[in-house]
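Hydrogens, waters and symmetry mates play no part in the numbers below; they use all other heavy atoms, side chains included. Numbers for residues simply follow the sequence, beginning at 1.
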Amino acid sequence: MKPWKLLKTEYLVDAPWLKVAKETCELPNGKVIDDFYTLWQPDWVLILARTAEGKWVMTEQYRHGTGKIALEFPAGIIDKGETPEQAALRELQEECGYRIDPRLREDDNGEREDDDGEREDDNGEREDDDGAREDDKGKAIRYLGTFPVNPDRHRGVFHVVFIDGVVKSGETHFDSTEDIESLELSDEELQKKMADGTFNHPLQIAGYLKFKLSQK
C-alpha cells in the first residue's frame, strides 16, 4: 500500500492556533482529489496527574465547541522549546495549582531521583518514609507516548504524560480566556463518570487507557 502524493496546498485559514488547508492529492491509482481539507493545531499535552492518595486531578471548564461545561484531565499547548514533560508540569501548576510533591527530587529532565528510606506499597510502587510515591520505573513523571488527534485529516498530535505524587501547592495562573475549577476523583469515580457519559472526551479516554495498559 502506498501513500498519497501531495500536489498542491492552499491555506484557507492561516492563524497561530488553527490552519485549514485545501490540498490537491494524487492517489496510488492515479485518481486526483482536488479538494481534500486538512486541519492543523499546535501540539498539546494530556496530563494524567495522580495524588499520593491515588486520586486523579481533574478540571471543569466551559468548552464552546459543545457549548457545555466539560470534565477533563488537565491539558495544554506545548510552548516553543518545551518538552512534553516540561509543558505538563507548567500547565498542571498554571491550571490547577498542583505540582510534584517537593519531597520528590527531580532531575533536569523532570524525572524524580531516588530518595533514602524507600519501601514498596501494596501495589508494588515504592514509597518513601513521608508517603511520597514512586512508580516501578523510578519516576514521578513518565512519558507515555504521542498520538494523532485525527489520522484522517488532522496534522497535529498530542502527548500523554503521567505525573505521580502531586500535591496542591501554589497559585493558579490562568490565561485571560480561562476559567477553570479543579477537583480530585478516585479511579472508581472516574470510571463511573466515563460510563455515564459525564467524562466523554475521546482523546483523553484514550490517554487514560494507554496509562492502564502500561501498568500491566
Which of Val160, Val161, Leu144, Leu203 passes side-chain contact (heavy atoms from CB on, under 4.5 Å) with Leu46? It is Val160
What pair of heavy atoms forms the shortest contact from Thr9 to Ala21, and how long is it?
CG2-CB, 3.9 Å
Among Glu85, Glu95, Glu82, which one satisfies salt bridge (charged side-chain N to carboxylate O under 4.0 Å, His left out) with Arg90?
Glu82
At what distance, to the nearest 0.5 angstrom, does CD1 of Ile33 lie from NZ of Lys22?
12.5 Å
For residues Leu185 and Ile205: do they belong to one hydrophobic cluster (side chain heavy atoms under 4.5 Å, members Ile, Leu, Val, Met, Phe, Trp, Tyr)?
yes
Step by step, would you call Gln191 with Glu188 a side-chain contact (heavy atoms from CB on, under 4.5 Å)?
CA-CA 5 Å; Gln191 290 188 22; Glu188 181 181 4; 6.0 Å; no
Value for CG (Leu92) from CZ (Arg99), rounded to nearest 0.5 Å, stands at 11.0 Å
I want to check something: taking the side chain as every heavy atom from C-beta on, are Met194 and His201 in contact at a cut-off of under 4.5 Å?
no
Here the gap from Gln61 atom CD to Glu181 atom CD, rounded to the nearest 0.5 Å, amounts to 10.5 Å
If Ile, Leu, Val, Met, Phe, Trp and Tyr residues are connected whenever their side-chain heavy atoms lie under 4.5 Å apart, and connections chain through other members, are Leu190 and Leu183 in the same group?
yes
Do other residues, nucleotides or ligands put more than 12 heavy atoms under 6.0 Å from the OH atom of Tyr11?
no
Please report the shortest heavy-atom distance between Asn29 and Lys31, naming the atom on each side.
OD1-N, 2.9 Å
Transitive ILVMFWY side-chain link Leu39 to Val13, under 4.5 Å
yes
Checking side-chain polar atoms at under 3.5 Å, does Glu72 have a donor or acceptor matched by the opposite partner on Thr59?
no
Value for CG (Asn150) from CZ (Arg155), rounded to nearest 0.5 Å, stands at 11.5 Å
Given side chains that start at C-beta, do those of Trp44 and Val149 come closer than 4.5 Å, heavy atoms only?
yes
Is any side-chain heavy atom of Pro84 closer than 4.5 Å to a side-chain heavy atom of Ile78?
yes
May I have the step-by-step check of side-chain contact (heavy atoms from CB on, under 4.5 Å) for Ser214 and Arg142, ending in yes or no?
CA-CA 11 Å; Ser214 74; Arg142 183 148 48 95; 3.8 Å; yes
Looking only at non-hydrogen atoms, find the nearest pair between Pro16 and Trp40 and report the distance.
O-CZ3, 3.5 Å
What is the distance from atom OG1 of Thr198 to atom CD of Glu60, rounded to the nearest 0.5 Å?
9.5 Å
Measure the acute angle between the ring planes of Tyr208 and Phe73, then classify it against the limits of 30° and 60° as parallel, tilted or perpendicular.
parallel
Tell me, with the steps shown, if Ile47 and Glu91 meet side-chain contact (heavy atoms from CB on, under 4.5 Å).
CA-CA 8 Å; Ile47 307 158; Glu91 287 284 353; 3.6 Å; yes
Which atom of Phe158 lies closest to which atom of Pro148, heavy atoms considered
CE2-O, 3.8 Å
Looking at Pro3 and Pro28, what are the two nearest heavy atoms and their distance?
O-CG, 4.0 Å
Treating Gln93 as the side-chain partner and Ser169 as the backbone partner, does any N or O pair qualify as donor plus acceptor under 3.5 Å?
yes
Report yes if the side chains of Phe147 and Lys210 come closer than 4.5 Å at any heavy-atom pair, otherwise no.
yes
Out of curiosity, Lys168 NZ to Asp101 CG, how far, rounded to the nearest 0.5 Å?
15.0 Å
Are Arg153 and Tyr37 in a cation-pi setup, meaning NZ or CZ lies under 6.0 angstrom from the ring centre and within 45 degrees of the ring axis?
no
So that I know where these two stand, are Phe199 and Trp56 an aromatic pair - ring centroids less than 6.0 Å apart?
no
Leu27 side chain near Val32 side chain, heavy-atom distance below 4.5 Å
no
His154 and Thr38: side-chain contact (heavy atoms from CB on, under 4.5 Å), yes or no, with the steps?
CA-CA 6 Å; His154 200 297; Thr38 59; over 6 Å; no
Are the side chains of Glu26 and Trp4 in touch, meaning some heavy atoms are under 4.5 Å apart?
no
Does a side-chain heavy-atom distance below 4.5 Å link Ile163 with Arg50?
no
So, for Gly207 and Leu48, which heavy atoms are closest and what is the spacing to 0.1 Å?
O-CD1, 3.6 Å
Around Lys19, counting heavy atoms of other residues, nucleotides and ligands shown, do more than 12 lie under 6.0 Å from its NZ?
yes
Assess whether atom CG of Asp179 is packed by more than 12 heavy atoms of other residues, nucleotides or ligands within 6.0 Å.
no
